[in-house]
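Single-structure report; data block below.
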Amino acid sequence: MTGTMRLKLKGGTVVDPAHGVRGEVRDVFVENGRIVTAPGAAAKDHQEIDVSGMIVMAGAIDLHTHIGGGKVNIARAMLPEDHRGDLVDRTALTRSGCGHAAPSTLTTGYRYAEMGYTACFEPAMLPINARQAHMEMGDTPIVDKGAYAMLGSDDFLLRMLAANDDQQSINDYVAWTITHAQAMGLKVVNPGGISAFKFNQRMLDLDEAHAYYRVTPRRILKVLAQAVHDIGVPHPLHVHGCNLGVPGNVDTTLATMDAVEGLPMHLTHIQFHSYGTEGDRKFSSGAARIAEAINARPNISADVGQILFGQTVTASGDNMAQFRNAGAGSPKKSVVMDIECDAGCGVVPFKYRDKNFVNALQWAIGLEIFLLVDDPWRIFLTTDHPNGAPFTTYPHLIRLLMDKTFRNEKLAGLNDDAQKLSNLGAIDREYSLYEIAIMTRAAPARTLGLVDRGHLAPGAAADITVYRPDPNPEVMFAKPAYVFKDGELVARDGAIVKVTWGNTHVVKPPYDAAIERPLASYFERFHTMRMSNFKIGDDEMCECGHGSKLLRHTCRLPSTR
Amino acid sequence: MSAASERHDVPCPFCGLACDDLSIAVALDRVEVTAKGCLLSRTAFARAGHPAMQQPRVKGVVAPLADATAHAASILAAAHLPLIAGLATDVAGARSALALADRVGAVTDHLGSAAKLRNLLVLQDAGWITTTLSEVRNRGDLLILVGTDVVSRFPRFFERIVWVRETMFDLDPAAREIVYLGEAANTDAGIAPDGRRPTTIACENRRLGEVLGALRAVVAGRRVPRDEIAGVPLAALEALGARMKQSQYGVAVWAAGDLDFPHAELAVQTLTDLVRDLNQTTRFSGLALAGTDGDYTFNQAHTWQTGFPFRTSLATGHPVYDPYHHGTDRLIATGEADALLWVSSLNPARVPPATAIPTIVLGHGSMQLPREPEVFIPVATPGVDDNGHFFRADKVVTLPLRKLRDSQTVSAAAALDAILKAVG
């Protein structure tokens with residue numbers, strides 16, 4: 001099948017929340033890689049696939065998955081013992097590789113596509129390491145890619161804040177970074193904390209001052225959220241907050257929500273930031289308070305970062321937290337890095353155990369958040385791959401959300417004390433197929449500003465997943481019957497039938513080129529790379545991506561505020 | 001002689017430091033470093049820029065590229081265990097080599113892997129705490145150079161990282177302390193701008209494990225019941241340990257290539273475990289300098305494409321990582337490998353090992369080979385006659401290598417892709 005041939009998906013049940021379609025039997029037409037309106041009765045379809053009785057959705061979109069960049073590759077290199085358990089043979093069509101905790105790039109693309117995912121976003125791209133991230137994503141087949149540039153502990157920004165530079169200059173710097181690192185959004189990780197760790201600070205709470213710059217995380221969050229808003233990047237500031245994994249961090253997370261004073265903000269892997277200090281072991285669920293706060297604040301969205309039991313590896317820009325957590329790793333090894341006056345990283349293998357009190361409660365906290373947040377447009381399905389669990393667990397996670405009986409059976413097998421401390425068993429909610437479609441395609445497309453993805457109206461890119469209904473959602477979501485990427489059939493019944501290379505999504509917010517004067521000087525005075533070599537050109541992006549297309553998305557007009 | 005044009009901010013791929021501030025005069029028949037050069041870069045750019053024999057050869061006879069790639073493909077396809085090695089190349093060359101290796105079921109190994117494994121085994125066994133060049137430049141107040149003088153391998157290290165004009169913080173770069181521990185050929189680079197001499201604690205590199213073990217014990221407050229270790233007075237280690245604990249941002253620098261003794265990985269691990277101990281109270285990091293000949297470059301691409309580091313076999317259809325079994329020297333000595341594809345587009349001095357098995361070589365046209373291979377394909381040098389990407393010594397920064405002039409020479413990646421296509 002080629003992209004130019006017209007295709008008719010006949011008689012499927014369409015679930016398309018972007019247009020309020022909750023399950024309508026109708027045909028979907030595809031031509032030149034796009035969804036098109038039904039041709040006239042006289043038109044003859046070139047190809048027809050009967051999908052009657054099946055569920056037709058847009059391809060799924062993962063807005064937070066660590067698939068490319070230095071720390072992911074460290075995780076791969078560190079874990080031969082894990083990867084040996086999931087070796088992938090080459091076929092006539094596909095390359096060999098390996099799966100599980102930190103899969104090879106090729107296997108990552110195949111497995112996402114086999115599961116009906118058609119776009120993945122790397123959430124923590126260090127600007128100084130952006131080339132590597134893009135090259136790894138360029139070797140990730142089929143799915144579309146994009147990345148959020150990480151700022152907030154970089155010395156250039158902290159120097160600007162310490163010097164009280166105006167918001168406009170910060171906006172220019174942020175826009176310049178996003179543009180030349182070829183990013184789709186902006187992320188902040190442990191605001192200021194990665195830098196503070198280099199000055200031997202071991203914690204940095206929301207209102208605590210950085211030892212050298214005397215700047216607080218609250219201020220960093222505010223200026224970056226403001227910058228993202230002002231320069232018109234569609235996705236709000238993507239925030240990995242302070243105190244990841246620390247009991248009692250729920251208070252910090254609640255305060256963080258208000259630190260941006262009503263500006264849009266996305267809180268990522270919020271499960272890891274929703275811990276109380278109640279109970280004998282001083283570790284408890286803060287999920288109810290978190291969910292209540294999200295429900296009350298329409299400017300806030302979150303993804304969960306659900307943990308699931310088994311071996312995985314945690315890979316984070318948060319070197320401060322990862323250094324703290326290294327002792328709890330399994331197998332016991334860890335990498336912690338300070339990186340280029342730009343950021344840091346920490347990689348710690350982890351084995352989540354269902355009989356372990358903390359792990360069991362983490363599992364329950366994640367699910368409580370999913371089930372207590374009312375609006376599926378503002379809560380996203382992630383495991384923070386691979387930090388909570390590998391992305392291949394998504395079908396299992398979907399079943400936990402959709403099937404209360406199954407969920408409670410699993411809960412009953414966990415650590416007893418954790419069960420007693422969790423309210424999960426009392427929650428009756430079961431996600432509907434429509435809500436799953438919102439949180440896995442319509443909502444991520446909307447928050448990212450992907451106007452032609454995540455829905456099935458004429459004009460949309462023909463990224464389409466067709467599921468065979470099954471009473472067990474885990475079965476249904478593991479191996480969709482058909483997956484189309486830009487109109488081409490790429491996977492059938494969970495097996496790859498064609499390898500394409502996907503597109504790369506970027507935004508290019510405008511900035512005042514005068515920002516390059518202080519930047520060029522900064523690179524020359526303090527760095528070990530010239531500014532001109534830092535910038536990644538569009539041609540270079542295409543060289544790195546097997547000729548994949550660079551898709552530039554519009555930013556809103558610069559704000560006048 | 002053609003007219004030269006001048007380029008600035010040119011990245012140099014001829015050692016792991018990957019300086020990107022060079023000025024270079026470029027002509028069709030020569031390339032010359034005009035500013036910020038070092039011995040390595042001046043020689044390497046001149047050699048890479050020299051016009052050389054551009055025609056492929058099959059059995060020593062000039063042949064069209066298509067014939068050369070077809071013959072190479074037939075050798076690889078007929079082999080039971082092809083070995084793709086050398087691999088001193090850029091990311092594009094690495095990617096194409098891996099695609100070919102997967103197709104023909106080859107083992108891949110890098111010419112620098114024996115040295116690189118001294119670090120990789122530590123990463124896989126315990127991990128470590130490390131830092132990068134710009135962090136050291138701005139923060140490092142104490143640099144301990146372990147078993148290396150650094151500058152023999154990375155000539156501009158002190159110029160660009162240590163004795164710089166200013167740092168971002170309150171650290172006077174000229175006030176940094178330099179300690180050489182182990183063998184160091186040239187300690188002059190460690191003399192501060194004000195003439196202050198570095199501290200030298202000499203011992204044989206092969207005994208570094210003992211010395212570092214004692215140092216770790218001293219730092220941990222344990223009693224070491226000896227007056228000297230491998231010729232090093234205990235008092236010298238006690239003084240060093242105390243200094244390390246006092247530093248705000250100490251850095252232990254090593255170059256695995258200089259730690260050429262059996263089980264050097266154990267010495268490296270003792271050092272990185274010591275660094276981890278120090279971080280209980282202060283900040284201290286390792287800096288594992290490598291990257292030369294694209295060892296990091298190939299290993300990074302190999303790791304993301306297969307999920308394992310190099311010395312991996314794809315013969316059984318999936319990656320089998322075995323750092324002992326899959327070494328080039330062993331596979332050739334035992335006769336297990338029955339065809340060799342040697343890629344060295346970054347360094348014509350890196351020639352294939354002497355072997356009677358059918359050999360295909362992709363290298364610069366000026367490469368002096370000990371014996372004529374079955375197939376020789378002259379390829380472009382990335383950063384001179386082709387664009388490319390190169391991973392620097394700290395494994396974080398990737399430099400964009402620029403094509404400096406018009407060239408008809410095929411890239412290693414294109415030659416490898418053509419061989420893959422001919423394999424079918």
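Protein chains get the first letters and strands the later ones, always in sequence-line order, with residue 1 at the start of each.
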- Counting heavy-atom pairs under 4.5 Å to chain A, which of B:Y321, B:F169, B:Y249 comes out on top? B:F169
- Message: Run A:E136 and A:Q132 through side chain to side chain donor-acceptor pair (under 3.5 Å) and show every step you take.
- Response: CA-CA 6 Å; A:E136 292 189 27; A:Q132 179 181 356; 2.9 Å; yes
- Query: Of the listed residues (B:N279, B:D394, B:I161), which shares the most heavy-atom pairs with chain A below a 4.5 Å separation?
  - Reply: B:N279
- Query: Between A:V335 and chain B, which part of the residue has a heavy atom less than 4.5 Å away: side chain, backbone, both or neither?
  - Reply: both
- Item | Toward chain A, the part of B:T167 with a non-hydrogen atom under 4.5 Å | backbone
- Message: Counting heavy-atom pairs closer than 4.5 Å to chain B, which one of A:R202, A:H83, A:H100, A:K332 comes out on top?
- Response: A:R202
- Message: At a heavy-atom distance under 4.5 Å, which candidate from B:I129, B:T303, B:T306, B:T272 has the highest pair count against chain A?
- Response: B:T303
- Query: A:E340, A:R76, A:E540: which one forms the most heavy-atom pairs within less than 4.5 Å of chain B?
  - Reply: A:E340
- Message: Need one label for A:D342: side chain, backbone, both or neither, based on atoms under 4.5 Å from any heavy atom in chain B.
- Response: backbone
- Message: Counting only non-hydrogen atoms closer than 4.5 Å, does B:S285 touch chain A with its backbone (N, CA, C, O), its side chain (CB onward), both, or neither?
- Response: side chain
- Task: Give the member of A:A130, A:C341, A:G346, A:A326 that has the highest number of heavy-atom pairs under 4.5 Å with chain B.
- Result: A:C341
- Query: Does any heavy atom of chain A fall under 4.5 Å from the side chain of B:T281, the backbone, both, or neither of them?
  - Reply: backbone
- Query: Checking A:F534 against chain B: side chain, backbone, both or neither under 4.5 Å from a heavy atom?
  - Reply: neither
- Message: Between B:A99 and chain A, with a heavy-atom cut-off of 4.5 Å, which part of the residue counts as in contact: side chain, backbone, both or neither?
- Response: both
- With sequence neighbours excluded, what pairs up with B:H302 under the ring pair (Phe, Tyr, Trp, His ring centres under 6.0 Å) test? B:F298
- Query: Looking just at side-chain N and O atoms, do A:T504 and A:H134 make a donor-acceptor pair shorter than 3.5 Å?
  - Reply: no
- Query: For the candidates A:I536, A:L106, A:T108, which exhibits the highest count of non-hydrogen atom pairs separated by less than 4.5 Å from chain B?
  - Reply: A:L106
- Using a strict cut-off of less than 4.0 Å between a Lys/Arg side-chain nitrogen and an Asp/Glu carboxylate oxygen, indicate whether A:D155 and A:K198 qualify as a salt bridge. no
- Task: Start with the C-alpha distance between B:K116 and B:Y296, add both sets of side-chain angles, then the distance that settles side-chain contact (heavy atoms from CB on, under 4.5 Å), and finish with yes or no.
- Result: CA-CA 8 Å; B:K116 188 68 182 26; B:Y296 278 153; 2.5 Å; yes
- So, the part of A:F526 with a heavy atom under 4.5 Å from chain B: the answer is both
- Residue from A:M135, A:M529, A:M78, A:R159 scoring the most non-hydrogen pairs under 4.5 Å with chain B is A:M135
- Task: Output the option from B:R165, B:Q124, B:R160 having the highest count of non-hydrogen pairs under 4.5 Å with chain A.
- Result: B:Q124
- Task: Count the heavy-atom pairs under 4.5 Å between each of B:T312, B:T131, B:D21, B:T282 and chain A, then report the option with the highest count.
- Result: B:T282
- Query: Backbone N or O of A:H527 within a donor-acceptor pair of the B:S134 side chain at under 3.5 Å?
  - Reply: no
- What part of A:A343 is in contact with chain B, defined as an atom under 4.5 angstrom from a non-hydrogen atom: side chain, backbone, both or neither? backbone
- Item | Backbone N/O of A:D338 and side chain of A:N319: donor-acceptor pair under 3.5 Å | no
- Task: Flag this pair as yes if the NZ/CZ of A:R131 is under 6.0 angstrom from the six-membered ring centre of B:F391 and inside a 45 degree cone about the axis; otherwise no.
- Result: no
- Item | B:V91, part contacting chain A, at a heavy-atom distance under 4.5 Å | side chain
- Selection from B:V10, B:V136, B:D170, B:V164 maximising heavy-atom pairs under 4.5 Å formed with chain A: B:D170
- Message: What part of A:F156 gets within 4.5 angstrom of chain B, counting heavy atoms only: side chain, backbone, both, or neither?
- Response: neither
- Query: Does the side chain of A:S96 come under 3.5 Å of the side chain of B:D102 through a donor N or O and an acceptor N or O?
  - Reply: yes
- Message: If the threshold is 4.0 Å, N to carboxylate O, is there a salt bridge linking A:R95 and A:D139?
- Response: no
- Message: Just by distance, no angles: are the side chains of B:H389 and B:D90 close enough, under 3.5 Å, to form a donor-acceptor pair?
- Response: no
- Task: State which residues pass side-chain contact (heavy atoms from CB on, under 4.5 Å) with A:A321; sequence neighbours excluded, sorted by chain then number.
- Result: A:L244, A:D318, A:R324, A:N325
- Salt-bridge criterion met for B:R392 and B:D20 (N-O under 4.0 Å): no
- Query: Between B:F308 and chain A, which part of the residue has a heavy atom less than 4.5 Å away: side chain, backbone, both or neither?
  - Reply: side chain
- Any donor-acceptor pair under 3.5 Å from B:D295 side chain to B:S113 backbone: no
- Query: Is any NZ, NE, NH1 or NH2 atom of the basic residue among B:R283 and B:E135 found under 4.0 Å from an Asp or Glu carboxylate oxygen of the other?
  - Reply: no
- Task: Sort B:T316 into side chain, backbone, both or neither according to what part of it lies under 4.5 angstrom from a heavy atom of chain A.
- Result: backbone
- Which atoms of B:P400 approach chain A - backbone, side chain, both or neither, heavy atom under 4.5 Å: both
- Item | Residue B:R103 versus chain A: region with a heavy atom under 4.5 Å | backbone
